[in-house]
K.L.:
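Structure provided below as structure tokens; questions to follow.
Residue numbers count from 1 along this sequence.
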Amino acid sequence: MSIQQLENQVIIRNESFIEQAKKLKPHLHERLVKPKALVEVVRDDEAIHGWRTEQAAPAADLLNREYGKNDSFILDFGDHQVGYLTIDIRPAGSPPDAPLKLKLTIGEMPVEMAEPFENYQGWLSSSWLQEETIFVDVLPGTIALPRRYSFRYVKFEVLDTSPKYRVVFENIECKAVTSANLNDVQAIAHHDPELEKMDQISIKTLADCMQDVFEDGPKRDRRLWLGDLRLQALANYETFKTNDLVKRCLYLFAGVPDDKGKVPANVFVSPKLIADDTYLFDYSLFFASTLHDYYFATNDIDTLKELWPTAHRQIELALERLDENYIVRDSSDWWSFIDWQEGLNKQAPSQGVLIYTMKQAVRLAEELDLPQSGNELKRKLEEIVEATRSLLWDESQQFFISGSDRQVSWASQIWMVLAGVLDNEENKKLMKRLLEEKPEVGIATPYMYHHLVEALLVSGDKDQAISEMKAYWGGMIKDGADTFWELYDPNNKEYSPYGSHLINSYCHAWSCTPTYLIRKYDL
């Protein structure tokens, strides 16, 4: 393809991109995992969500136990699993004269074993809660559950048998699946055991989210989201180096833009590739960012040439959002994610994301030797940066402000630092001021905490970055995390933007980045 053709290419739904993505579908590695222990859940006000587990017996004791109507037990698989459950059941006593009615509750956290799902009142669908009611007509028999689950614990409740027989559970196992090869990761022997543990749990989190695509969470939503993909890809380059999976995901997004060329925030891949009808200002821009990171990790110039028009189009569409002063218009007819923080105004942080991704797009244009596109991007970038300094910087407060209420938020300062709107010394002063003054509109998710830590690192404050990681991801570890969670507020551990912590994901893609931060920045 010539330079002129590349600069003039029009974006349309691209079946050839979709076909390329299909060819890059990964092989899933399988591993059989057996439960480690029988446990009980115990009320504990000091534990996360008020519940912890205590070991009652080794899992092998299950072979010596018979269960009848209203009996129950909980199995602990030792750590987080993503896969398929198989259970052998045999009768004890008289021949079975009625079906076995069995309820399984499958969960990532002790609270899911303790609090009935029937009490769930959140606004996300309760069908995400993992449970099964099964009737077994013929015993002995094997139950192979067809659904894939994300879990550590499984609660078995025998709802009914008959007075004449009981049941014994045998050979319970999980066929764990991932497209990540754990043998490909070079372990680090870190001088700081807390960071070493953080690295290990990050890698486990990433692996459990690596399936046919980089999923956001194997429990919920089990989809490919662009914001999560960007962070997963960064962690992948430092660990598994499964770069074809990143490439596959980029082609999936590029295959299904809307009629204006905008890529969706997420896609469904089964039963066929479908673009979700959610479009986010920042996530669409992150297509260009993810392509930038992929190219500089792989030097795959052919993929860069093919996907550049899609990436460039995201920048063009974002620029249409600017007002006459080169500032992102803030109104009710758009959605930029940034964070789940309640009350967060998205204007200034979105301006930062735009500048950040435009700088990456300029570098890609230079790699492709596209002077027309590159020069135009540079010109607009200079105007946008100048406007940002002039109109969004509050000299009296020494903070960037956002929206008509001139809100000062953590997210605004963090994204302006990452975007390099100020120079290095000013960035360092801004981050120091942020941590000292602690504006009220804070941070809600590990996704935004990642950007906080990286902003500290790029502004030269490695010690404070490590301190923040230990306080946040280290806090999750102290609260029992074996994979990192979708949501964690050290000051409000019941926090959920969905109305209930039962529906939260406790193995989530955007939480996997400590391994990237530790390895990339030599922490």
K.L.:
Does any non-hydrogen side-chain atom of Leu457 lie less than 4.5 Å from one of Lys462?
P.N.:
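With C-beta onward as the side chain, the pair touches.
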
K.L.:
Taking the six-membered ring of Tyr498 (Phe, Tyr or Trp), confirm whether the NZ or CZ of Arg220 is under 6.0 Å from its centre and within 45° of its axis.
P.N.:
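Arg220 over Tyr498 ring: yes.
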
K.L.:
Would you indicate whether Lys470, at its atom NZ, is surrounded by more than 12 heavy atoms from other residues, nucleotides or ligands within a distance under 6.0 Å?
P.N.:
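Yes, because the 6.0 Å sphere around NZ of Lys470 holds more than 12 heavy atoms from other groups.
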
K.L.:
If I take atom CG from residue Leu224 and atom CD from residue Gln232, how far apart are they, to the nearest 0.5 angstrom?
P.N.:
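Answer rounded to 0.5 Å: 8.0 Å.
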
K.L.:
I need the full list of salt bridge (charged side-chain N to carboxylate O under 4.0 Å, His left out) pairs touching residues 334-346, with sequence neighbours left out, sorted by first then second residue.
P.N.:
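Qualifying pairs, neighbours excluded: none.
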
K.L.:
Please test Asp330 against Asn345 for side-chain hydrogen bond (donor to acceptor under 3.5 Å, both in side chains), starting from the C-alpha separation and ending with a verdict.
P.N.:
CA-CA 9 Å; Asp330 188 28; Asn345 184 276; 2.8 Å; yes

K.L.:
More than 12 foreign heavy atoms under 6.0 Å from CG of Asn492: is that the case here?
P.N.:
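More than 12 within 6.0 Å, yes.
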
K.L.:
Measure the OG1-CE distance between Thr205 and Met210 for me, rounded to the nearest 0.5 Å.
P.N.:
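With rounding to 0.5 Å, OG1 (Thr205) is 12.5 Å from CE (Met210).
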
K.L.:
Donor-acceptor pair, Gln130 side chain versus Ser150 backbone, under 3.5 Å?
P.N.:
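Side chain of Gln130 to backbone of Ser150: a pair is present.
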
K.L.:
Would you sort out whether Thr513 and His450 count as a side-chain hydrogen bond (donor to acceptor under 3.5 Å, both in side chains), showing the intermediate values?
P.N.:
CA-CA 7 Å; Thr513 56; His450 160 85; 3.0 Å; yes

K.L.:
How about Asn424: does its CG atom have over 12 heavy atoms from other parts shown lying under 6.0 Å from it?
P.N.:
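For Asn424, atom CG is not crowded (no more than 12 foreign heavy atoms under 6.0 Å).
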
K.L.:
Take Val408 and Val441, measure what side-chain contact (heavy atoms from CB on, under 4.5 Å) needs, and give me the verdict at the end.
P.N.:
CA-CA 7 Å; Val408 175; Val441 182; over 6 Å; no

K.L.:
How about CZ on Phe281, more than 12 heavy atoms from neighbouring residues, nucleotides or ligands closer than 6.0 Å, or not?
P.N.:
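Yes, enclosed.
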
K.L.:
Between Glu194 and Gly474, what is the shortest heavy-atom contact and its length?
P.N.:
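That closest heavy-atom pairing would be OE2-CA, 3.9 Å.
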
K.L.:
Which atom pair, heavy atoms only, marks the closest approach of Leu523 to Met469?
P.N.:
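It is CD1-SD, 3.7 Å.
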
K.L.:
Please evaluate residues Glu316 and Lys260 with respect to the criterion salt bridge (charged side-chain N to carboxylate O under 4.0 Å, His left out), reporting the C-alpha separation (whole Å), side-chain torsions for both, the decisive distance (0.1 Å), and the verdict.
P.N.:
CA-CA 10 Å; Glu316 290 179 327; Lys260 294 181 179 178; over 6 Å; no

K.L.:
When you measure from the side chain of Gln347 to the backbone of Ser402, do you find a donor-acceptor pair of N or O atoms at a distance under 3.5 Å?
P.N.:
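No, because the side chain of Gln347 does not come within donor-acceptor range (under 3.5 Å) of the backbone of Ser402.
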
K.L.:
Looking only at heavy atoms, what is the nearest atom pair of Arg230 and Ser289, with distance?
P.N.:
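Minimum heavy-atom separation between Arg230 and Ser289: NE-OG, 3.3 Å.
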
K.L.:
State plainly whether the residues Arg321 and Asp333 are in salt-bridge range, i.e. N to O under 4.0 Å.
P.N.:
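Answer for the salt bridge query: yes.
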
K.L.:
With a 4.0 Å cut-off, would you call Lys380 and Glu376 a salt bridge?
P.N.:
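Answer for the salt bridge query: yes.
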
K.L.:
Would you mind listing every ring-ring contact (aromatic ring centres under 6.0 Å, His included) that reaches into residues 349-378, with sequence neighbours excluded?
P.N.:
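Counting only pairs at least two positions apart or across chains, the ring-ring contact (aromatic ring centres under 6.0 Å, His included) contacts touching residues 349-378 are Tyr356-Trp415.
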
K.L.:
For the pair Tyr294 and Tyr237, name the ring-plane relationship: parallel under 30°, tilted 30 to 60°, perpendicular over 60°.
P.N.:
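Taking Tyr237 first and then Tyr294, their aromatic rings sit tilted (interplane angle of 30° to 60°).
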
K.L.:
Say you draw a straight line from CZ of Phe214 to SG of Cys512; how long is it, rounded to the nearest 0.5 Å?
P.N.:
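Output value for this atom pair is 8.5 Å.
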
K.L.:
Please check: side-chain N/O of Lys305 versus main-chain N/O of Asp302, any donor-acceptor pairing under 3.5 Å?
P.N.:
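No; judged by distance alone, with no hydrogens or angles, the pair does not exist.
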
K.L.:
With sequence neighbours excluded, give me every salt bridge (charged side-chain N to carboxylate O under 4.0 Å, His left out) pair touching residues 445-456.
P.N.:
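Applying salt bridge (charged side-chain N to carboxylate O under 4.0 Å, His left out) to every pair that reaches into residues 445-456, excluding sequence neighbours, yields nothing.
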
K.L.:
For Thr445 and Met448, indicate whether the former's side chain and the latter's backbone hold a donor-acceptor pair under 3.5 Å.
P.N.:
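Judged by distance alone, yes, a pair lies under 3.5 Å.
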
K.L.:
Output yes when a side-chain donor or acceptor of Glu437 lies under 3.5 Å from a complementary backbone atom of Leu434, and no otherwise.
P.N.:
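Between the backbone of Leu434 and the side chain of Glu437 there is no qualifying donor-acceptor contact (under 3.5 Å).
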
K.L.:
Given the rule in the side-chain contact (heavy atoms from CB on, under 4.5 Å) test, do Ile466 and Val453 qualify, once you have shown the distances and angles that lead to the verdict?
P.N.:
CA-CA 8 Å; Ile466 292 172; Val453 173; over 6 Å; no

K.L.:
What I want to find out is whether Arg519 reaches Asp199 closely enough, with some N-O distance under 4.0 Å, to be called a salt bridge.
P.N.:
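Asp199 and Arg519: salt-bridged.
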
K.L.:
Between Arg379 and Glu383, does at least one N-O distance fall below 4.0 Å, as a salt bridge requires?
P.N.:
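Glu383 and Arg379: salt-bridged.
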
K.L.:
Examine Phe337 together with Tyr447 and report whether their ring centres are nearer than 6.0 Å.
P.N.:
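Yes, the ring centres sit under 6.0 Å apart.
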
K.L.:
Which atom names give the shortest non-hydrogen contact between Tyr120 and Ser126, and what distance separates them?
P.N.:
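That would be CD2-CB, 3.7 Å.
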
K.L.:
Looking only at the side chains, is there a donor atom on one of Thr298 and Asn243 sitting less than 3.5 Å from an acceptor on the other?
P.N.:
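Short answer, no.
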
K.L.:
Flag the pair Phe287 / Phe253 as yes when their ring centroid distance falls below 6.0 Å, and as no otherwise.
P.N.:
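Distance test on ring centres: not under 6.0 Å, no.
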
K.L.:
Could Glu436 and Lys432 be called an ion pair, given the rule that one side-chain N must be under 4.0 Å from one carboxylate O?
P.N.:
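The answer is yes: the pair qualifies as a salt bridge.
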
K.L.:
For a quick check under 3.5 Å, do Tyr488 and Asp479 share a side-chain donor-acceptor pair by atom type?
P.N.:
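Asp479 and Tyr488 do have a side-chain donor-acceptor pair below 3.5 Å.
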
K.L.:
So, the side chain of Asp394 versus the backbone of Ser396: is there a donor-acceptor pair under 3.5 Å, distance only?
P.N.:
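Looks like yes, one N/O pair under 3.5 Å.
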
K.L.:
If you look at every heavy atom in Pro218 and Cys209, which pair is closest and at what distance?
P.N.:
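Result for this residue pair: CD-SG, 3.7 Å.
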
K.L.:
Quick one: CD on Glu238 to OG on Ser202, what's the gap to the nearest 0.5 Å?
P.N.:
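It is 12.0 Å, given to the nearest 0.5 Å.
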
K.L.:
May I ask you to decide if Glu486's main-chain N or O and Trp510's side chain share a donor-acceptor pair within less than 3.5 Å?
P.N.:
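Such a contact is found between Trp510 side chain and Glu486 backbone.
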
K.L.:
Write down the atom of Pro446, the atom of Trp473, and the distance for their closest heavy-atom approach.
P.N.:
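Heavy atoms of Pro446 and Trp473 come nearest at O-CZ2, 3.9 Å.
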
K.L.:
Quick check on side chain to side chain contact (heavy atoms under 4.5 Å, CB included): which of Leu206, Ile477, Asp482 does Ile201 satisfy it with?
P.N.:
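When side chain to side chain contact (heavy atoms under 4.5 Å, CB included) is applied between Ile201 and each of Leu206, Ile477, Asp482, only Ile477 qualifies.
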
K.L.:
Trp225 vs Val267, test: side-chain contact (heavy atoms from CB on, under 4.5 Å). Steps then yes/no.
P.N.:
CA-CA 7 Å; Trp225 283 82; Val267 296; over 6 Å; no

K.L.:
Test your reading of the model: is there a side-chain donor-acceptor pair from Thr303 to the backbone of Asp300, 3.5 Å cut-off?
P.N.:
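No, Thr303 side chain to Asp300 backbone: no donor-acceptor pair under 3.5 Å.
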
K.L.:
Under the side-chain hydrogen bond (donor to acceptor under 3.5 Å, both in side chains) rule, what do Tyr295 and Glu367 come out as? Steps first, then yes or no, please.
P.N.:
CA-CA 10 Å; Tyr295 171 72; Glu367 290 292 316; 2.8 Å; yes

K.L.:
If we ignore hydrogens and angles and just use 3.5 Å, is the side chain of Arg433 paired with the main-chain N or O of Gln398 as donor and acceptor?
P.N.:
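Confirmed, Arg433 side chain pairs with Gln398 backbone.
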
K.L.:
Once rounded to the nearest 0.5 Å, what's the spacing between atom CG of Leu354 and atom CD1 of Ile327?
P.N.:
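Rounded to the nearest 0.5 Å, the CG-CD1 separation comes to 10.0 Å.
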
K.L.:
Does the side chain of Gln407 reach to within under 4.5 Å of the side chain of Ser412, using non-hydrogen atoms?
P.N.:
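Gln407 does not reach Ser412 side chain to side chain.
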
K.L.:
Does Lys493 pair with Asp489 as a salt bridge, N-O distance under 4.0 Å?
P.N.:
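Salt bridge: no.
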
K.L.:
Is it the case that the side chain of Trp485 and the backbone of Thr483 share a donor-acceptor pair, with hydrogens and angles ignored and the cut-off at 3.5 Å?
P.N.:
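Yes.
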
K.L.:
To the nearest 0.5 Å, tell me how far Glu426 CD sits from Met431 CE.
P.N.:
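Glu426 CD to Met431 CE: 14.5 Å, rounded to 0.5 Å.
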
K.L.:
Please determine whether side-chain hydrogen bond (donor to acceptor under 3.5 Å, both in side chains) holds for the pair Glu306 and Tyr251, giving the CA-CA distance in whole Å, both sets of side-chain angles, and the decisive distance to 0.1 Å.
P.N.:
CA-CA 9 Å; Glu306 283 202 312; Tyr251 274 104; 2.5 Å; yes

